[in-house]
Each structure stands twice: as structure tokens, then as C-alpha cells.
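Structure, as C-alpha cells:
For the numbers below, each heavy atom of this structure counts, side chains included, while hydrogens, waters and symmetry mates do not.
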Amino acid sequence: MSLSLIGIIFVQGYWINNTVENNKEQFSFNAKQILISVSNGIQYREFEEMFFPLQEILDSIGEDPDNRTIRQLLDISIDNTTKSFAYANGILDEDYKLFSSFVNFNIDTVKLKNILNRNVDITAQDTQSGIARQSSKSKLERIRGLTDLQRKDYEIVIGEIASFIPIHRRVKKKEIEYLLKKELEERDIKVDFEYAIYSNSLATKVRSDDFSLDYPTTYAIPLFVDDEGASEYQLYVNFTGKKRYVLSTIKGMAILSIIFTLIIVIAYSSALSQLLQQRQISQIKTDFINNMTHELKTPIATINLALDSIKNPKIGGDPEKVQRYMSMIREENKRMHAQVENVLRISQLEKNELNIKKEKQELHDIIEDAVTHVSLIVENRQGYIKTHLGALKTTVLANDSHLTNVVVNILDNAIKYSEHEPKIDIYTENIKNSIILKIRDQGIGMSKVAQKKIFEKFFREHTGDLHNVKGHGLGLTYVKRIIDDHHGQIWVESERGKGSTFIIKLPLIS
């Protein structure tokens, strides 16, 4: 059972850890896909914005233009007074604002010639098929109508033109934030993020306020990649809520797993505790049966011997001896009856069937009565019982018979567990609305473990070489139940070899 439980806990821990690692990998994969989508979105937006102004310029160029003509048409001057953009052909158009950041170009004119030639071919095909000119189509259709070669040429030219524009004008913070949020929402990922664009490992103006390059999990993607796969800019993103998000994905299953595992642990612990307790009870019951058998065997043997003696004609003719044997039979019979009564009383107490009627009693009178019951035994062993009754208020609500039995049981134990002559002192005192009764002996004492278990049913501490101590471990259990029924408290203070002190606290009544 223990190995199985350890195995279950290990498997659950392994499963949770493995799931967390898998979710981290899945998050990293999604993060890379998000960055790729954002990078492509930014690059496509720039291509779209620059494609149409560039196409309008190229549409005005005739077939096979020379390099000088192309440069003149692409040359842009800035009007410092109006801040608007004047093109060489005299057209003023706000759509051309992306070409305002540079004056001198280093454009691949071969690519431009290729674009012009391909435009002429497409225009001719469209005319033959009766389709309107490409300029009359929607912008989206015009971009989608480009062939792969055309699109490649445009991308190269636009990339070269855009490289003259500062990065903070090519990409806006709001655009990055919008694209990141959009991609996260599409994947149902709720995390916070910080971002920044670096140019060859140098920070640019495009960055969020709390971005840090030293964050443990920083994801990067190149921006504006050229036809050779090289890029001057990198977009870095920190998903600051990654750990919380990953844990939230398995929170439900992990909590259920932990709860069910705890239930198994608790059930296992309970079963193991009950198993050990039943084993202990079985051992205690065995000891009880042995002790009880011994307690009953002796008086039965004595009674049998006495009866056999009475049957003897020689003894039967002697009235004194007959009376003596009859007295022995009566005493042994009382002894057996007392043992059975103890067992029955405990059984009734456990079932709450013992009807204890209580009346006003003087505790000092009960103590004196109990001392009388055991005084002959103490004198026979040449010991003493001294009373130090210092309490001024002694009236309690109690059952005279049962409370007397309580004191007698404790005194009887004090006598039994005294190796030499019993020396017993009884004290009483008042504390607030209670009376304290202390019964102190100078016997063998008991261990700390025994003090905790002394009031348990059937418990008897091993007495070493003290073989004359008889009983079945029910006396103090009975004492505890009676004191509890009287709304009192009982405990013991003891030390090995120095005796024990039983302390009883009972409420007073006026």
C-alpha cells in the first residue's frame, strides 16, 4: 500500500510537471507564430502602402526608360513651408508621403525595368481579353494579381526605398500593440507583453515603457527581411504573464489531481491508523482475557478447595473450621462478583446506560468513607494514609457510591504499586469555584507514555519484577468516566521511582 501510494504521488507529480513543460513548449511555439504573423503583417502593410504610389509613378514611365528618367521621376523634394511632397511630374498627393524621407537614391534600376516590362505585358493581355486596366481594379485585387516574379521585384525595390526611412516612421507602437493583441486573442491567450525594436543590437525609439532585454524569456523575430534573408531590425517581445498563463492552463486538472491524491493519502493514513489501533486493541484484549482469567481462576480454585475441605468428615465435624471455610468462600465469591461488576459498569458507561443520580454531597465525607475501605489493607502492610483536608468549601453535586468508588480505586492503585509499605497523602483545596483533590503516593511511579494512556481501557503498564500487582486495566477507565460524568477533570503527575499524584477537579455548588 505504501509503495502504491508513493507511486501514485510520483506519477501525479511527473504528470503535472510534464504537462507544464509541454504547455511551455506550446506557448513558445505559439509565441513564435505570433511574432511571425506580426512581422509579416508589418511588412505587408508597408508593401501595400508603398506599392500603389510606386506603381502610379512607374505607370507614367514609358517603355525602356533610361536610368536618368527613372531617377528624375523618383526624386522627391521637400517643401519646407508646406511640408507637402512635390513629385517631378508636378502631382501633389498625400499618398506619396512615404517617399519624403530621402533625396538621393541608390535604386536597382534593372528591377524597375523588369517591373515596367512585365506591366506592359500584363496590360496588353488585359486589353486583348477585354478586361479593364489594372489601375481600375480594387487595391487588394491589384496586389493579388501580381505574379510571384512581379511581387518579388516590387518587394526588392520597395525595400530599398524604405530603407532610407527611419524605423520609428516605418513602424508605429500602436500597430505593434494592435497586431500582438489580435494574434493573442485569435489563439485565446491572455497574457501581458512588452516589446521593442532593435537595430543591429542597438535600441530604437520603438519600444514599450517597461521592456527589458534581460527578461528570462524574450522572443525575437527579424523585421523587413530582404531577398537574401538578411535584416537590419529585430522585434523583441517579452510575454510577462507567461508563467501565470501556463499554470492557469493546468490549474483545474492539477487541483483535482491534488485533491484526489490527498483523499487517497487521508484514506490510506486512516486505514493504517485503524489497522495499528485494531492490532493494539487485539493485544490489549488478549492481555485482558489473560488477566481476567487469572483473577477468576484464583477465587474459583479457593472455593473448590474450601468445598472439598468441608466435605471431609474430619473438617465437617469441626464447626470453627467449617465457619472459616464458609467465610473464605463468601469472600472469594464477593471478589469474583466485584470483578464482573467492574466489567459491566464499563460496558454500561460506554453505552451511556449507567443511570447516575446525583445529590449534594460533602467531598470530605466521601474521602473519609473511602479511606475506611482500604485502611485495614494499609495497616496490614504497615503503611499509612494521611489526610490534609484544607478546602473550606466541599459541597459538590455527586453520586455518593460512584464517587466513593473513584477514590477507592485510586487508593487501591496507590497501595498496589508501592513496593514497600504504602505511604499515601490526601490533600484538598479550593480554587475559585472548584475543589481540588490530590492523592499522592510514594510508589514506583510511571513513565511519560503511561501517563498519557493510563485512563485507556485495558491499559496496564509493565511492572517489571512487581508480580503481585493484579487487575485487568479497567479501574482507572471507570474513574475517568465517572469524573467526566460529574463534569470534572482528572490527570496524573508522576515520575519513575518517585511516586504518582492523581489530581481531581470538581465544580462546587452553593
Short side-chain to backbone donor-acceptor contact, S500 and S494, under 3.5 Å:
no
Is the positively charged end of R170 above the ring of F224, judged by distance under 6.0 angstrom from the centroid and angle within 45° of the axis?
yes
R187/E183 salt bridge by N-O under 4.0 Å criterion
yes
Is there a donor-acceptor contact under 3.5 Å from the side chain of Q43 to the main chain of V225?
yes
Do the ring centers of Y236 and Y198 come within less than 6.0 Å of each other?
yes
Side-chain (T428) to main-chain (A391) donor-acceptor, under 3.5 angstrom
yes
Would you say N430's side chain and I435's backbone share a donor-acceptor pair under 3.5 angstrom?
no
Answer yes if the side chains of T501 and Y427 hold a donor-acceptor pair under 3.5 Å, and no otherwise.
no
Donor-acceptor under 3.5 Å (S39 side chain, L35 main chain)
no
Verify, without hydrogens or angle tests, whether N40 (side chain) and I36 (backbone) share a donor-acceptor contact under 3.5 angstrom.
yes
Walk me through it: do K438 and E429 pass the test salt bridge (Lys or Arg N to Asp or Glu O under 4.0 Å)?
CA-CA 9 Å; K438 296 181 181 179; E429 61 178 316; 3.6 Å; yes
Got a sec: does the NZ of K480 have more than 12 other heavy atoms crowding it under 6.0 Å?
no
N/O donor-acceptor pair under 3.5 Å between Y215 side chain and T240 backbone
yes
